[in-house]
Undergrad: 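This is the structure I have questions about; it appears just below.
Position 1 is the first residue of the sequence, and the numbers go up from there.
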Amino acid sequence: MQFTKLLSQGLLSDNETLHLREYRFIKYFFLLLMTFLFYHLFIWVVWTSKIFDAAPYYVGDLSRLGYQVDSIQARQTENSLSLQHLNRDNYEDQKIDLITLGDSFSNGMSGGSNAYYQDFIASENNLTVLNIQNIKMSYNYIETVSILHNSGWLKKVSPKVVLIESVQREMLMRFDRPIRWELSLSLEEAEQNLFNRGWKPLVPPLKPINTANYKFPYYSLLYQYSENAFGKNQVYKFALEKELFSAEAAKTLLVYKEDVQRLLQPTEKNMQRMNAHFNKLALLLKQDGIELYVMPAVDKYDLYAPYISSNKHPENSFFKRLDPLAKEYTLVNTKKILSPLVAQGVKDVFYADDTHWGPVASQHIARSSYFKKLYHE
């Protein structure tokens, strides 16, 4: 204070003035630095560390993308079922009952207890289940299965069923397009490329000082006024009429943006084209004595839509349009299987913080009539 007064009166030497200014700069810089550090540490400790520093627990993709702490259902990976599926690590030409091929639902990306629906199918029905991958990322699953038929690999393995799984919102993107039925590989090449993709959760490692500490309050504010943060976030957030999750936000539904943006995508024509592709594949597999199952994993939004408060969005017609079409394959209608659970108020059919269903759904699907008829005594 005294230095400031002297400076204003011009009673300090140039050297003393310089030192005073340096002192002021250091003082304000230190104050700014402490404010910066306190802000980051406070936000990190109270909120964002629960999302981005939860190891060894896994936090779902929707909580991470939408910065939604109250929907977190942190979980550890564990396998406790009597039978597990086979994969790249333990397949040694065993006799196979069911082959599965699909996206993140088929590859345990929900994390948590018994993340693979295939393990429930195996354990509930005493089946040997093998999970394979796309031969190439540029192929869709129909093309991969067609190649395995053309190469003779499917006839060699001779499973009872090949199951193609895909999340509902990607079904038309993947399968309503020209299929390259002529693609072929030798038996040896097909076998070498069955497990060419490893699926791992891509959780970015963060330090206490990070941009998420700014995004958390930003999105928290925007979601107060907009279900998708005015289009600035990939997550939609809806209020539910009843508690359907065991997370702190028991009446909050988080869904991926494309669940909502593709609601009107199914039409009569594109559903018929897709169905025709599956029918053609089913007839090919029947030449090898194999049945085709197609399992669209119901979108989280589609399953929970009837329970959204004041819902302004239209209904998704995907399953309504697909169900009545003539089929050479078996449609595993996951919406029909899981809807009664949600209607009864069963919690965590899907994880609150994730785009994926949980073990409650996997077990219910495994116990459905589709797989019971394959049961081994």
Side-chain angles (χ1 to χ4, degrees), residues 60-73 104-105 110 166-173 218-268 270-271 295-324 331-358 360-361 364-365:
D61 49 5
L62 295 175
S63 275
R64 285 186 280 111
L65 291 170
Y67 300 87
Q68 297 298 305
V69 172
D70 291 344
S71 290
I72 287 175
Q73 290 182 292
S104 58
F105 276 81
S110 66
S166 169
V167 67
Q168 176 184 339
R169 63 177 171 268
E170 296 291 339
M171 286 288 290
L172 288 166
M173 301 291 289
Y218 175 68
Y219 287 122
S220 296
L221 175 64
L222 295 187
Y223 277 120
Q224 298 293 318
Y225 305 100
S226 169
E227 63 191 18
N228 67 338
F230 297 102
K232 297 182 181 297
N233 197 279
Q234 299 179 68
V235 176
Y236 275 71
K237 181 178 180 179
F238 299 101
L240 294 170
E241 295 171 348
K242 57 182 180 179
E243 295 186 358
L244 290 172
F245 301 103
S246 58
E248 184 177 343
K251 296 175 72 174
T252 296
L253 176 69
L254 303 180
V255 303
Y256 189 55
K257 63 178 181 180
E258 289 177 356
D259 279 19
V260 179
Q261 293 174 352
R262 296 181 182 176
L263 286 173
L264 299 178
Q265 186 184 52
T267 66
E268 184 178 351
N270 59 24
M271 296 297 286
M295 188 172 80
V298 60
D299 287 341
K300 189 177 183 182
Y301 172 86
D302 196 11
L303 187 65
Y304 287 93
Y307 311 100
I308 295 175
S309 301
S310 305
N311 191 7
K312 64 182 181 181
H313 297 284
E315 182 183 9
N316 191 321
S317 64
F318 180 89
F319 284 99
K320 279 188 176 180
R321 293 185 186 276
L322 184 58
D323 248 349
L331 172 66
V332 181
N333 190 327
T334 56
K335 183 177 181 180
K336 187 179 291 185
I337 296 170
L338 300 179
S339 289
L341 292 179
V342 182
Q344 294 160 21
V346 174
K347 292 185 178 181
D348 304 330
V349 176
F350 271 69
Y351 285 111
D353 62 359
D354 209 305
T355 53
H356 301 95
W357 61 48
V360 172
H364 209 66
I365 289 167

Undergrad: Of all residues at least two apart in sequence or in a different chain, which pass the salt bridge (Lys or Arg N to Asp or Glu O under 4.0 Å) check with D61?
TA: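 Result, salt bridge (Lys or Arg N to Asp or Glu O under 4.0 Å) vs D61: none returned.
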Undergrad: Begin with the C-alpha distance, continue with both residues' side-chain angles, and end with the deciding distance and a verdict on side chain to side chain contact (heavy atoms under 4.5 Å, CB included) for F319 and T334.
TA: CA-CA 9 Å; F319 284 99; T334 56; 4.0 Å; yes
Undergrad: Taking all non-hydrogen atoms of both residues, which atom of K242 and which atom of G345 are closest, and how far apart?
TA: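 Heavy-atom minimum between the residues: NZ-N, 4.1 Å.
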Undergrad: What is the distance from atom OH of Y304 to atom CD of E241, rounded to the nearest 0.5 Å?
TA: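 Rounded to the nearest 0.5 Å, the OH-CD separation comes out at 14.5 Å.
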Undergrad: K336 pairs by side-chain contact (heavy atoms from CB on, under 4.5 Å) with which of L331, V298, D323?
TA: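 Single pass found, and it is D323.
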Undergrad: Just to verify, what does E248 make a salt bridge (Lys or Arg N to Asp or Glu O under 4.0 Å) with, not counting sequence neighbours?
TA: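 Scan of E248 (salt bridge (Lys or Arg N to Asp or Glu O under 4.0 Å), adjacent residues dropped) gives none.
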Undergrad: Sequence neighbours excluded, which residues qualify as side-chain contact (heavy atoms from CB on, under 4.5 Å) partners of S220?
TA: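 Testing S220 for side-chain contact (heavy atoms from CB on, under 4.5 Å), a comparison that skips the adjacent residues, returns F216.
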Undergrad: Can you list the residues that meet the side-chain contact (heavy atoms from CB on, under 4.5 Å) rule with T252, with sequence neighbours excluded?
TA: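 Checked T252 against side-chain contact (heavy atoms from CB on, under 4.5 Å); matches are S71, K237, A249, L254.
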Undergrad: According to salt bridge (Lys or Arg N to Asp or Glu O under 4.0 Å), who are the partners of K347, at least two apart in sequence or on a separate chain?
TA: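 Partners of K347 under the salt bridge (Lys or Arg N to Asp or Glu O under 4.0 Å) test: E243.
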Undergrad: List in chain and number order the residues that pass side chain to side chain donor-acceptor pair (under 3.5 Å) with Q265, two or more places apart in sequence or in another chain; answer none if no residue qualifies.
TA: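 Per chain and number, Q265 pairs via side chain to side chain donor-acceptor pair (under 3.5 Å) with no residue.
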Undergrad: Sorted by first residue and then second, give each ring pair (Phe, Tyr, Trp, His ring centres under 6.0 Å) pair with at least one member in residues 336-355; sequence neighbours left out.
TA: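 Passing the test, one end in residues 336-355: no pairs.
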Undergrad: Taking the side chain as everything from C-beta on, heavy atoms only, tell me whether L172 gets closer than 4.5 Å to M271.
TA: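 Of all side-chain heavy-atom pairs linking M271 with L172, at least one is under 4.5 Å.
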Undergrad: Quick one: OG on S310 to CD on E227, what's the gap to the nearest 0.5 Å?
TA: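 S310 atom OG to E227 atom CD measures 11.0 Å (nearest 0.5 Å).
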Undergrad: Rounded to the nearest 0.5 Å, how far does CG of L303 lie from CD1 of I337?
TA: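 Answer for the CD1-CG pair, I337 versus L303, is 11.0 Å.
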Undergrad: List the residues meeting side-chain contact (heavy atoms from CB on, under 4.5 Å) with Q224, not counting sequence neighbours, and say none if there are none.
TA: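 Checked Q224 against side-chain contact (heavy atoms from CB on, under 4.5 Å); zero matches.
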Undergrad: If the condition is side-chain contact (heavy atoms from CB on, under 4.5 Å), which residues does L222 pass it with, not counting sequence neighbours?
TA: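 Per chain and number, L222 pairs via side-chain contact (heavy atoms from CB on, under 4.5 Å) with Y218, Y219, A229, F230, K232.
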Undergrad: OH/Y301 to CZ/R169 distance, rounded to the nearest 0.5 angstrom?
TA: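 That separation rounds to 14.0 Å.
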Undergrad: Which heavy atom of L338 sits nearest a heavy atom of W357, and at what distance?
TA: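 Smallest heavy-atom distance, with atoms named: CD1-CE3, 3.9 Å.
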Undergrad: Would you say D353 and Q68 make side-chain contact, with heavy atoms under 4.5 Å?
TA: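 The answer is no; the side chains never approach within 4.5 Å.
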Undergrad: Using side chain to side chain contact (heavy atoms under 4.5 Å, CB included), reason through L253 and Y236 one step at a time and then give a plain yes or no.
TA: CA-CA 8 Å; L253 176 69; Y236 275 71; over 6 Å; no
Undergrad: K300 and side-chain contact (heavy atoms from CB on, under 4.5 Å): which partner among V255, D354, T355?
TA: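 Running side-chain contact (heavy atoms from CB on, under 4.5 Å) over V255, D354, T355 with K300 returns exactly one hit, V255.
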Undergrad: When you measure from the side chain of D348 to the backbone of S246, do you find a donor-acceptor pair of N or O atoms at a distance under 3.5 Å?
TA: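 Here the side-chain-to-backbone pair exists.
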Undergrad: Whether the side chain of D259 engages the backbone of D302 through a donor-acceptor N/O pair (distance < 3.5 Å, no angle test) should be reported.
TA: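 Not confirmed, D259 side chain does not pair with D302 backbone.
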Undergrad: Could you go step by step and tell me if K335 and F318 meet the side chain to side chain contact (heavy atoms under 4.5 Å, CB included) rule?
TA: CA-CA 10 Å; K335 183 177 181 180; F318 180 89; over 6 Å; no
Undergrad: Please report the interatomic distance CG(L264) to NE2(H313), rounded to the nearest 0.5 Å.
TA: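 So the CG of L264 and the NE2 of H313 are separated by 10.5 Å.
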Undergrad: Sequence neighbours excluded, which residues qualify as salt bridge (Lys or Arg N to Asp or Glu O under 4.0 Å) partners of R262?
TA: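 Testing R262 for salt bridge (Lys or Arg N to Asp or Glu O under 4.0 Å), a comparison that skips the adjacent residues, returns E170, E258.
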Undergrad: Please evaluate residues N333 and L322 with respect to the criterion side chain to side chain contact (heavy atoms under 4.5 Å, CB included), reporting the C-alpha separation (whole Å), side-chain torsions for both, the decisive distance (0.1 Å), and the verdict.
TA: CA-CA 10 Å; N333 190 327; L322 184 58; over 6 Å; no
Undergrad: Between N228 and K257, is there a side-chain heavy-atom distance shorter than 4.5 Å?
TA: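 Side chain of K257 against side chain of N228, heavy atoms only: no contact under 4.5 Å found.
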Undergrad: Do you know which two heavy atoms are closest between P296 and M171, and how far apart they sit?
TA: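 Scanning both residues, the minimum pair turns out to be CG-CE, 3.9 Å.
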Undergrad: Where do Q234 and L65 come nearest, in terms of heavy atoms and distance?
TA: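 Taking Q234 first and L65 second, the nearest heavy atoms are NE2-CD2, 3.8 Å.
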Undergrad: Using the test side chain to side chain donor-acceptor pair (under 3.5 Å), find all partners of Y307 that sit at least two apart in sequence or belong to another chain.
TA: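 Residues passing side chain to side chain donor-acceptor pair (under 3.5 Å) with Y307: none at all.
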Undergrad: Among pairs that include at least one residue of residues 310-319, which meet salt bridge (charged side-chain N to carboxylate O under 4.0 Å, His left out), considering only residues two or more places apart or in two chains?
TA: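 Matches after skipping sequence neighbours: E315-K320.
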Undergrad: Report yes if some heavy atom in the side chain of S63 is under 4.5 Å from a heavy atom in the side chain of V69; otherwise report no.
TA: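 No - every pair of side-chain heavy atoms lies 4.5 Å or more apart.
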